[in-house]
Visitor: 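Pasting in a structure now, in structure tokens, and then I'll have a few things to ask.
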Number of protein chains: 2
Amino acid sequence: MSSTKNEQVLRDALEANGQRFTEQRAAVFGFLASTDTHPTADEVFLAVRRDLPAISLATVYKSLETLVGCGLAVKLTYADQSARYDGRTDPHHHARCISCGRVLDLLGDVSRHEIDGLHSPEGGFTVTGYRLELSGYCADCVPAGSDAPAA
Amino acid sequence: MSSTKNEQVLRDALEANGQRFTEQRAAVFGFLASTDTHPTADEVFLAVRRDLPAISLATVYKSLETLVGCGLAVKLTYADQSARYDGRTDPHHHARCISCGRVLDLLGDVSRHEIDGLHSPEGGFTVTGYRLELSGYCADCVPAGSDAPAA
DNA sequence: ATCCTTGCAAAGCATTTGCAGTCAC
DNA sequence: GTGACTGCAAATGCTTTGCAAGGAT
């Protein structure tokens with residue numbers, strides 16, 4: 001996919017939300033679209049600074065929130081209090097390595113039937129979305145002798 | 001369930017982990033066991049302070065981490081950067097209200113078969129656990145006219 | 001020309017840590 | 001008595017905000 005096409009996607013999304021196109025936002029968006037590493041804000045900052053040495057961390061945070069607001073990125077939150085951002089917009093799930101913290105994308109999905117099979121004791125909960133996250137060890141961190149099923 | 005029984009559970013778990021029984025830990029544990037509201041650390045602090053006016057927030061944090069380490073509580077993390085703690089130790093999932101932030105327990109579970117159906121493109125991911133969380137609107141916050149399925 | 005966005009620095013918030021006194025065992 | 005725990009306060013780390021200068025439409 002060409003960066004030109006990506007830029008147009010960004011321009012359209014920004015315009016639809018009444019916001020302006022800037023090179024900072026383009027750089028953040030471009031980096032997110034180019035990786036599947038689910039970077040933290042700081043990692044985005046370090047990467048984008050290679051192209052825009054003057055960009056500030058605050059701008060990266062603002063740009064990321066703008067992208068999330070436009071539906072061009074998803075924010076993931078983890079227990080180690082470092083949010084990560086995902087540039088993929090299609091529905092998918094994640095697997096997080098307990099050892100190294102890496103976040104992997106998962107193919108496949110659980111069936112809607114399974115989701116509907118869950119009940120709130122109080123009832124009346126209206127489901128608009130869900131998030132599934134596996135935890136375990138990635139290929140590089142598997143403890144020797146483990147025999148748990150692999151995904 | 002009597003508080004005496006709960007206290008013994010706590011004593012056993014602490015001893016098994018080489019840690020000591022204190023009234024602060026007992027109060028935190030007792031409060032977690034008595035509620036299904038998935039409180040934040042600050043909420044635990046405010047509640048426990050009714051019984052132990054001198055307890056400090058730092059001790060609450062330390063106690064909560066101790067309980068998590070002993071397997072007596074589970075830590076939940078959300079995007080609004082406020083960790084919540086769950087005193088239930090049996091496997092279950094959560095539904096979070098987008099509007100009021102309340103976290104509800106869900107009955108039921110997705111089948112292991114569904115989990116095994118997910119794949120990492122890189123392969124070799126060893127699954128040790130997973131977390132499923134629905135998002136939507138609780139009974140008190142359902143927008144009028146909504147027709148989404150309820151759980 | 002308008003008003004949104006940037007970059008800087010300072011503030012904010014949840015959480016953690018260092019340390020002396022205290023307590024459980 | 002010994003080592004772990006508490007409480008206080010300061011520190012830490014991530015994220016947000018206020019504001020003047022600069023940039024997009």
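Throughout, a chain's letter reflects where its sequence line sits, starting with A, and its residues are numbered from 1.
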Visitor: Only counting residues at least two apart or in another chain, list the ones meeting side-chain hydrogen bond (donor to acceptor under 3.5 Å, both in side chains) with A:Thr40.
Guide: none
Visitor: Tell me the interatomic distance from B:Leu64, atom CG, to C:dA14, atom P, rounded to whole angstroms.
Guide: 15 Å
Visitor: Separation of B:Glu43 atom CD from C:dT15 atom C1', in whole Å?
Guide: 16 Å
Visitor: Per the salt bridge (charged side-chain N to carboxylate O under 4.0 Å, His left out) rule, what does the pair list look like for residues 42-62 of chain A, sequence neighbours excluded?
Guide: A:Glu43-A:Arg84
Visitor: Under 4.5 Å between any side-chain heavy atoms of A:Thr66 and A:Val28, yes or no?
Guide: no
Visitor: Can you find a pair of side-chain heavy atoms, one from B:Leu76 and one from B:His94, that are under 4.5 Å apart?
Guide: yes
Visitor: Tell me, which of residues 47-62 of chain B have any heavy atom that sits under 4.0 Å from an atom in DNA chain D?
Guide: B:Ala54, B:Ile55, B:Ser56, B:Ala58, B:Thr59, B:Lys62
Visitor: Do any of residues 15-29 of chain A sit with a heavy atom less than 4.0 Å from DNA chain C, and if so which?
Guide: A:Gln19, A:Arg20, A:Thr22, A:Gln24, A:Arg25
Visitor: Angle between the end axes of the helix from C:dA1-D:dT25 to C:dC25-D:dG1, five pairs per end, to the nearest 10 degrees?
Guide: 40°
Visitor: For the residue pair A:Asp105 and A:His38, confirm or rule out a side-chain donor-acceptor distance under 3.5 Å.
Guide: yes
Visitor: Quick check: closest heavy atoms across A:Ala13 and A:Cys70, and the distance to 0.1 Å?
Guide: O-SG, 3.9 Å
Visitor: Rounded to whole angstrom units, what separation is found between the CD atom of B:Glu7 and the P atom of C:dA24?
Guide: 12 Å
Visitor: Between B:Leu32 and B:Leu104, is there shared hydrophobic-cluster membership here, with clusters defined by ILVMFWY side-chain heavy atoms closer than 4.5 Å?
Guide: no
Visitor: Does any part of the side chain of B:Tyr85, heavy atoms only, come nearer than 4.5 Å to the side chain of B:Val68, both counted from C-beta?
Guide: yes
Visitor: Is B:Lys75 salt-bridged to B:Glu65, going by a charged N under 4.0 Å from an acidic O?
Guide: yes
Visitor: Within this structure, what is the CZ-to-P distance between A:Arg11 and C:dT5, rounded to whole angstrom?
Guide: 14 Å
Visitor: Quick one: side-chain contact (heavy atoms from CB on, under 4.5 Å) partners of B:Arg11, sequence neighbours excluded?
Guide: B:Glu7, B:Gln8, B:Phe21
Visitor: For B:Lys75 and C:dT16, what is the distance between atoms NZ and C1' respectively, to the nearest whole Å?
Guide: 10 Å
Visitor: For B:Glu65 and D:dA4, give me the distance from atom CD to atom C1', rounded to whole Å.
Guide: 17 Å
Visitor: Send over the distance from B:Phe45 CZ to C:dA14 C1', rounded to a whole Å.
Guide: 14 Å
Visitor: With the side chain counted from C-beta on, respond yes when B:Arg88 and B:Val74 share a heavy-atom pair under 4.5 Å apart, and no when they do not.
Guide: no
Visitor: Starting from C1' on D:dT15, measure out to CZ on A:Arg84 and report it in whole angstrom.
Guide: 16 Å
